[in-house]
Amino acid sequence: MNRIEGRVKVTGLATYAAEYPVEDVTYAFPVQSQIAKGRVRHVDAQDALAMPGVLAVLSGEDPPPLASGADGELALFQSREVAYRGQIVAAVVADTYENARAAAAVVRVDYDSDDHDVSLRADHPGLYKPDHVNPAYPTDSEKGDIEAGLAEAATVVDVVYETPVLHNNPMEPHAALACWDDEGGLLVYDTAQGTTLSRDTLAQVFGLPKERVRVVSRHVGGGFGSKGTTRPQAVLAAMAARVVGRPVKIVLTRQQMFDVTGYRTPTIQRLRLGADAQGRLTALEHVAYEQTSTLEEFAEQTATPTRIMYATPALRTAHRLVRLDVATPSWMRAPGECPGMYALESAMDELAYALGMDPVELRVVNEPETEPDSGLPFSSRNLVGCLREGARRFGWEHRDPTPGVRRDGEWLIGTGVAASTYPARRRPSKARAVVEDDGDFLVQVAAADIGTGARTALTRIAAEALGVAPERVHVELGDSDLPEAPVAGGSMGTASWGSAIVRACEELKSDGKEGLADTTEEVRGDAAFSRHAFGAQFVEVRVSSVTGEVRVPRLLGVFAAGRIVDPKLARSQFIGGMTMGMGMGLMEETLTDEEFGGFLRRDLAQYHVPACADVPDVEAVWLDERDAELNPMASKGIGEIGIVGTAAAIGNAVYHATGHRVRELPITPDKILMPRF
Amino acid sequence: MKPFDYTRADSAAQAVREYAPGTMYLGGGTNLVDLMRLGVAEPERLVDVSRLPLDTIESVRDRVRVGAAVRNTDLAVDPMIRARYPMLARAVLTGASGQVRNVATVAGNLLQRTRCAYFQDVTRPCNKRRPGSGCPAIAGDHTNLAILGSSEACVATHPSDMAVALAALEAEVHVTGPGGDRIIPMPGLHRLPGEEPERDTVLEPGDLITAVELPPPPAGATVYRKVRERASFAFALVSIAAVLDVGDDGVVAGCRIALGGVAHAPWRAERAEQALIGGPATGEAFLRAAEAELEQARPLPRNAYKVPLTRNLIVSTLEGLAS
């Protein structure tokens, strides 16, 4: 289906958080820490308060009260401790954005600064084992004897991969517009991937009952996880609105987004693989080193995909974390799977070469019967089908595995493959379906459409459940006053909201007027299966032997993700993820400033994401997969799997092209050229 | 952004008369407005020169005069430019994006400032932005910065593609200002950082570029090539504008090499040029010439790749022109 809101978006009529017309609105602009560690000694607001239009300066000098127990990134001004460079330490509220920003520049903040440590190292003395990794996986897993498996292996690969800090960079900057009513109720137009969670978070931070808070996010311009949790701008807008007694609007700058809206942790990953002469794994070990902040623990589940991918008698995964003087990492498209599968799928390619085996066949040989770590049966698993179909479409059978031998002038040509995977889960959700006066149907759920096409997909799901044309169904979402729903995240949105919508529509059909659903019991009753989507990505690269430039003329993904709800929307999700995966492979990188703390390259001129010219031919197809164990739609989430594996496939293709293995992302010309000159 | 006054000039002479300390000329604004938003540039007053009647491309005898306010897109698609100076059209088209080129002017392109991360962040030191505050790029992020002609004070690069082509074409920059009119031959407009990295060019306060004049196209084959990790909308890691004229005898009669992305200014590789002129047009000679040029390189740990990259690029480009 075409997107229901397509017309209002392209004509500029879709209302985003910062665009709601609110009378008497004022503007806030944050002041950010210029040290990476220490304490705010004093905030001198005198000059700022004398600037035109300035209404208030908020800081730890007279901290507006918040409830205790708020997340460290949200407890603005409640502590004088500085945890990272860029942390919000004060804010100016003024009658215009320009006045607020100009005054923020003259707020004087004095610090007592301490030495900072912002560098992740695999031998960092501060490394520790967190209690669990996100969202609730065991930190480590161990099955069988790794050392014995490696000792008996015919071939061993022992390699370390590194991935940099990555930023989500949605197009729409994080924004909030907060208004308090006369009864002390709070309304926030927020850039949220879930209004129910944002409402709950804000209620908790301000010590309000949930009924007094409403969050509205009808249109959201991308999030990729960075809007999955409430961000400081929403708290700051609400706090400032209470202080000045007027509505307050905040739109973060792109640079501020790099500082305070989350990022993907850098990783250092060691992989040890052993295999017998036939390529069957005898041991597989994956250890990930990652960072978090001193404010909050965020433990990315980087090695967890290794628990489900390949059959092996000995399997060990582990995560170690270090608290650095940095912002807290957070969710970014396919957290865990994305960096973890980059390392695993690169290592599998190295193993294939070490064995002299085709990398597709190596994966097929190691296809497990049940989930390797847990032993659970798969609800469905069609990785082999994706590999075979991809190989067929891509022309893989004619591939000469010899690295560095195909040339077109100065350009070395190579191809690579990698597997993709992502969990197919769902969460409890509520939904309501009613017959409207004109006989059409209204479906309500506090879902979020962050640019994915959720509104359209849910319309289609409801229409199918009701047995009516989609034109007769109107889905209302993006408002916490609607039936409670989980966030658009973890590739669980459609599965969760759709389940509730189908149940509500079923009840409506029997009731004739209204259907109300709450899938809490249904989801709790889901049988014990390993539920995952799988895929295979095939890449052709051209690498300049003169300049080290890498170009990707062909990128193909084949996915097995249950029943596809809507082909047009699905293709966009898949190729969007793959394009973002290409960015990770070839260009995306935020640098950590060792000297001053904080990040460098905090804008889109320096943090490069792929341009159209980088993706001349990207295609995604899917297998028809039947899986009755998932949800009423028989669907698996598709928002994240597209980004999983792309970077590995590119790195593997670069090796095939050049004979040089780059183990640090992104694969930029310097890394191609330096070992060669 | 700091509040500022704005006025629009009707003529170059009026613009110069409007000049006073704290004034900046505004062209397309694609760089200056960004810098004002970042607080890097804080003019008290803008004199808008983007609509001066300096927006034509004219043939003057055997030369071509490009007005300072000509938009980058208009320059790149001009039939005369494309026919006589294809290298220049190519260079302009590799810069920025279509949207930026539609707005950016020729003079503004020449006067755009470095994209060094420290220069653009007012919370960090930078000798170019705040003289004497230090250059953290030398110990920090200099991956994309200079390997030639840098100083202890600054390792920034000039980001323009167009300026590199103009340096190879030996264009003349026409300037008017409080001190009268003058002509600056390229690549002489831009200067190396030395002890005064805050000065990007040799322009004096109040100087206004009115035109760029192109001499007759040089004999020989020309090309512009830009290297970048993203296929579009990225500044050059290294770029090259090259002219090679090889006689029937296989001897190099003329050679010009201008490099971008390696220095504080478009860099004419004079050592390489001199090494080649009068000698054979062979891959070996090209390599020796490139190495002669790069003997002066002073790479830093994270931009050392630019040395082999530049060497490869010079050799490959000249080989392409020779064949």
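Chain letters run A, B, ... following the sequence lines, proteins first and then strands; every chain starts at 1. This is a predicted model, so every value here is computed, not measured.
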**Q** Side chain, backbone, both or neither: which part of A/Leu604 has a heavy atom under 4.5 Å from chain B?
**A**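 Answer is backbone: N, CA, C or O of A/Leu604 sit under 4.5 Å from chain B.
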**Q** Keeping B/Arg230 on the side-chain end and A/Val609 on the backbone end, is there a donor-acceptor pair under 3.5 Å?
**A**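 Pair found, side chain donor or acceptor close to backbone of A/Val609.
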**Q** In the structure I gave you, are the side-chain heavy atoms of A/Gln255 and B/Leu38 within less than 4.5 Å of one another anywhere?
**A**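 Yes; the side chains approach each other to less than 4.5 Å.
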**Q** Go through the atoms of B/Arg115 and report whether side chain, backbone, both or neither lie under 4.5 Å from a heavy atom of chain A.
**A**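 Only the backbone of B/Arg115 comes within 4.5 Å of chain A.
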**Q** Between B/Leu309 and chain A, which part of the residue has a heavy atom less than 4.5 Å away: side chain, backbone, both or neither?
**A**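 When you check distances to chain A, atoms from both the backbone and side chain of B/Leu309 fall under 4.5 Å.
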**Q** Nearest 0.5 Å please: distance from the CD atom of B/Glu319 over to the CD atom of A/Glu410.
**A**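 Rounded to the nearest 0.5 Å, the CD-CD separation comes to 10.5 Å.
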**Q** Could you tell me which portion of A/Asn99 (side chain, backbone, both or neither) has an atom closer than 4.5 angstrom to a non-hydrogen atom of chain B?
**A**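 Neither; nothing under 4.5 Å.
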**Q** What's the spacing between B/Gln120 CD and A/Gln606 CD if we round to 0.5 Å?
**A**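 Answer for the CD-CD pair, B/Gln120 versus A/Gln606, is 5.5 Å.
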**Q** Which bit of A/Phe29 is near chain B, if near means a heavy-atom gap under 4.5 Å: side chain, backbone, both or neither?
**A**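 Interface part for A/Phe29: neither.
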**Q** By a 4.5 Å heavy-atom criterion (distance strictly below it), what part of B/Asp34 contacts chain A: side chain, backbone, both, or neither?
**A**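 Contact with chain A involves no heavy atom of B/Asp34 at all.
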**Q** Are A/Thr547 and B/Arg228 linked by a side-chain donor-acceptor pair shorter than 3.5 Å?
**A**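 A/Thr547 vs B/Arg228: no donor-acceptor pair found between side chains.
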**Q** Is it the side chain or the backbone of B/Ser232 that comes within 4.5 Å of chain A heavy atoms, both, or neither?
**A**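 Its backbone and side chain both get close to chain A.
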**Q** Quick test of your reading of the model: are B/Lys306 and A/Asp670 salt-bridged, counting only N-O distances below 4.0 Å?
**A**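 Result for this pair is no, no salt bridge flagged.
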**Q** Can you tell which part of B/Arg225 gets under 4.5 Å to a heavy atom of chain A, answering side chain, backbone, both or neither?
**A**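 Just the side chain, heavy atoms under 4.5 Å.
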**Q** How far does CZ of A/Phe596 sit from CG of B/Asp121, to the nearest 0.5 angstrom?
**A**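 Rounded to the nearest 0.5 Å, the CZ-CG separation comes out at 9.5 Å.
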**Q** Measure the spacing between CD1 of B/Ile138 and CD of A/Glu595 and express it to the nearest 0.5 Å.
**A**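 CD of A/Glu595 is found 10.5 Å from CD1 of B/Ile138.
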**Q** Quick test of your reading of the model: are B/Arg124 and A/Asp593 salt-bridged, counting only N-O distances below 4.0 Å?
**A**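 Salt bridge present between B/Arg124 and A/Asp593.
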**Q** Between atom CG of B/Asn312 and atom CG of A/Leu673, what is the distance when rounded to the nearest 0.5 Å?
**A**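 That separation rounds to 6.0 Å.
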